[in-house]
Trainee: 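Here it is: the structure, laid out below.
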Number of protein chains: 2
Amino acid sequence: MPGLTAVDEDDVSSARRDGAHAAEGAGRHLGGAAVVPEATVARLPQYLRALTALAEAGSRTVSSEALAEAAGVGSAKLRKDLSHLGSYGTRGVGYDVAELQRHIADRLGQAGSWRVVIVGVGNLGHALAGYSGFASRGFTVVGLFDDDPAVVGQVVVGLRVRPLDELAEVVGGPGSAIAVLAVPAQHAQAVCDRLVAAGTRSVLNFAPTVLRVPDGVDVRKVDLASELQILAFHAQRRAAPAAAAPAPGAAAPARGATGASAGPLLPHALRRVEEVV
Amino acid sequence: MPGLTAVDEDDVSSARRDGAHAAEGAGRHLGGAAVVPEATVARLPQYLRALTALAEAGSRTVSSEALAEAAGVGSAKLRKDLSHLGSYGTRGVGYDVAELQRHIADRLGQAGSWRVVIVGVGNLGHALAGYSGFASRGFTVVGLFDDDPAVVGQVVVGLRVRPLDELAEVVGGPGSAIAVLAVPAQHAQAVCDRLVAAGTRSVLNFAPTVLRVPDGVDVRKVDLASELQILAFHAQRRAAPAAAAPAPGAAAPARGATGASAGPLLPHALRRVEEVV
DNA sequence: ACGACTTTGTGCGCGCGTTCACAAACGCCT
DNA sequence: AGGCGTTTGTGAACGCGCGCACAAAGTCGT
C-alpha cells in the first residue's frame, strides 16, 4: 500500500474514519440492499467520480480491476463495496458504467439536488460559496449566513449574506438543507445549536472544535490544521529516526534565497486571529 | 456513540481514515516510544487543542476523564493513545497539562515551525493562504504558486504569487516544505509530479483526484464534495426508510420563501467550471 | 506510617474492515 | 451446443482498533 493515495485517510481517517454515525436500525435486508458499512460509504464518492470520468471517456463497461485502479483502491475491496449495494455487474464482462453510475448516484441522493447553506462567510466560507465542485456534484448553495454586520447584506456569489435569524426560513421545512459551518471556533457550538434548532440534520464542520449534537443529527468534521499536523508527524518521523527530539527539519536557517518573499511573512494584521474557523 | 462528533472522520479517515502512510520500518522500540498507530496520530491534534484550551483556562493537571470529555473521545481510548507516546501521567492525579502539551507538540513537530507552500491560488487556495489556523498551529506559509498568468505576480497575504518554475527554490533543500495542492483536478497529478521532483515529501491534496506518488511521499486528501455526499447518503437514508429510491428530500419544489436569494442561484459564469479544485 | 481512595496503564475479548482465494456465472469461440 | 477463458460475488482468515475491566502506583488523610 505504500506509495499510493487513499481516502482520508480519514480516514479516514480518518479517519476516518472514525465516523460517529448513528448506526441506525439493525440490519434488515429488504429488497436486496441493506446496511452499507460506513467505510464503504466513504468510498462511494470516489467510485462515482471514477465512473463519471470513464463515462466521459466513452467506456461502456469496466472491470473491477480497471475501476479499482482508477479509484485508487484494491479490486477486491471495490467488489465487496459494490456487493453491498446489490449485484450490478455481469460476470465475465464487468460493470455497466452508466448503470453503476446511476445506482451509486441514487444512493448518494444525487438524484434530487441537495440544498446547502453556508454559515460563516469570511475567508473560508467565502471560498466555499464559490466552490464549483459542489454544484457539479448536485449540491446547490441556497443561503449564506453570518452575524458579522460587516458582511451581512453583502452579495457574494449572487446570494445576499443574511443574518442568522433568518436561518429557519431556509433550513426548516421537510427537505432540510445541509449546513456548512465555517465560523470561528468560539462560536461554532452556539451556531450549531441554532442550526439544529432550525431543523438541520446534517452538518459539515470546518471549525476545530468538538460539536455536541442531539441524536439524529449527523456531523462530519474537516480540520485543515489537523491534516497538516498529521503530515508533520510523519515528516518528522522520517527526519528523526534515532534521536529523541532534534530539529524537525526546518528550524530557523535556510529559508531559501527567494528574494521577493523575504519580507514580512503572514501579516496577521490583515485578519483578526481565528477569524474564520 | 450516536449523537457525538468524531474525526474524520477519520476519518476517517479516515477518516479516515484510511491513511496510505508508508508504514515504514517495522516497530523498533528504542528510547521508550515506538510505533504510534495511525488512528492515534489522527487524534493527537485534537488532544493538543484540548490541552491548549485547558492551559489557557488555568488548569495545571487533567484527568484522562476530563481530557477525553474535552476532546470528544472515550477516556480509555485516550489513555491508550497517550500510552503510545510514553508515560507522562501521574497515577492518582492525572496529567500535567503543560508537560503533556509540550510532549504532543514535540511529536507533531510543532517545535520547529513547518514551512508550507500553497500551489494553486484561486478561490480555495486564496482562502487557505489567509487561514489563521495554520499560523497558530506552527505552520508558516512561505510560498504561493500558480501558473495562471492572471494571478502570478499578484500579492495575496503579503506574499507574491510566483510561477511553478520557482518551486525548487522554496521546496527543495533539507527541510522540505509541506505542499498544499489547490489546483484544478485536471492538473493535480502534473503539479504533484513537479512538487515531488522538487523535493516535496508531504502533500495535502484538495483536488478530487487520485494522486500517484513514489514511495516515501506522504499524501493526505481533503475532498469537500465527498464529505457532502457522505452526509447526503445518511440524510437520504433517514428520509427513505422503505422505498427504493424516492425523492431524497429536496427534489424541486419548496425552496423556501427566502425572497432575496430567489434570484439566480450560483452564477457559474463568475468562475470557470472546476477552476479551483 | 499506614490504609483508603483516586487515577493511570494495559491485558484481553470483540467487532469491523481488509485481503486472499475460489466457486459460480456469463460471453465467446469453435 | 459445448467447452474455455474471463470476471464477479463471497466465504474465510487475518489484522487493527476499540472498549471493558482490573492491577499497579501514587496521593491524601489520619
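Residue numbers begin at 1 in each chain, while the letters A, B, ... track the order of the sequences.
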Trainee: Using atom CG of B/Leu85 as one end and atom C1' of C/dT10 as the other, report the distance to the nearest whole Å.
Mentor: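 So the two atoms are 15 Å apart, to the nearest Å.
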Trainee: Applying side-chain hydrogen bond (donor to acceptor under 3.5 Å, both in side chains), which residue pairs with at least one partner in residues 52-62 of chain B are found, sequence neighbours left out?
Mentor: B/Thr52-B/Gln101
Trainee: A/Lys77 NZ to C/dG17 P: how many Å, rounded?
Mentor: 11 Å
Trainee: Rounding to an integer number of Å, can you tell me how far B/Leu67 CG sits from C/dT8 C1'?
Mentor: 13 Å
Trainee: What is the separation between atom CG on A/Leu78 and atom C1' on C/dG17, rounded to the nearest whole Å?
Mentor: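 About 15 Å, once rounded to whole Å.
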Trainee: Suppose we screen for side chain to side chain donor-acceptor pair (under 3.5 Å). Which residues come up paired with B/Arg201, at least two apart in sequence or across chains?
Mentor: none
Trainee: Not counting sequence neighbours, which residues clear salt bridge (Lys or Arg N to Asp or Glu O under 4.0 Å) with B/Glu65? List them please.
Mentor: none
Trainee: Could you pull out all residues at least two apart from A/Asp81 that satisfy salt bridge (Lys or Arg N to Asp or Glu O under 4.0 Å)?
Mentor: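 Scan of A/Asp81 (salt bridge (Lys or Arg N to Asp or Glu O under 4.0 Å), adjacent residues dropped) gives A/Arg43.
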Trainee: So, the side chain of B/Glu227 versus the backbone of A/Asn205: is there a donor-acceptor pair under 3.5 Å, distance only?
Mentor: no
Trainee: Using salt bridge (Lys or Arg N to Asp or Glu O under 4.0 Å) as the criterion, list what pairs up with A/Arg79, not counting sequence neighbours.
Mentor: none
Trainee: What is the distance from CZ of B/Arg43 to C1' of D/dG19, rounded to the nearest Å?
Mentor: 12 Å
Trainee: Can you check each nucleotide of nucleotides 6-13 of chain D against protein heavy atoms at under 4.0 Å and return B for base, S for sugar-phosphate only, - for none, in 5' to 3' order?
Mentor: BBBBBBB-
Trainee: Just the rounded figure in Å: distance from C1' of D/dG17 to CG of B/Asp81.
Mentor: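 Atom CG in B/Asp81 sits about 10 Å away from atom C1' in D/dG17.
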Trainee: Round to a whole Å and report the spacing from CG of B/Asp96 to C1' of D/dT27.
Mentor: 16 Å
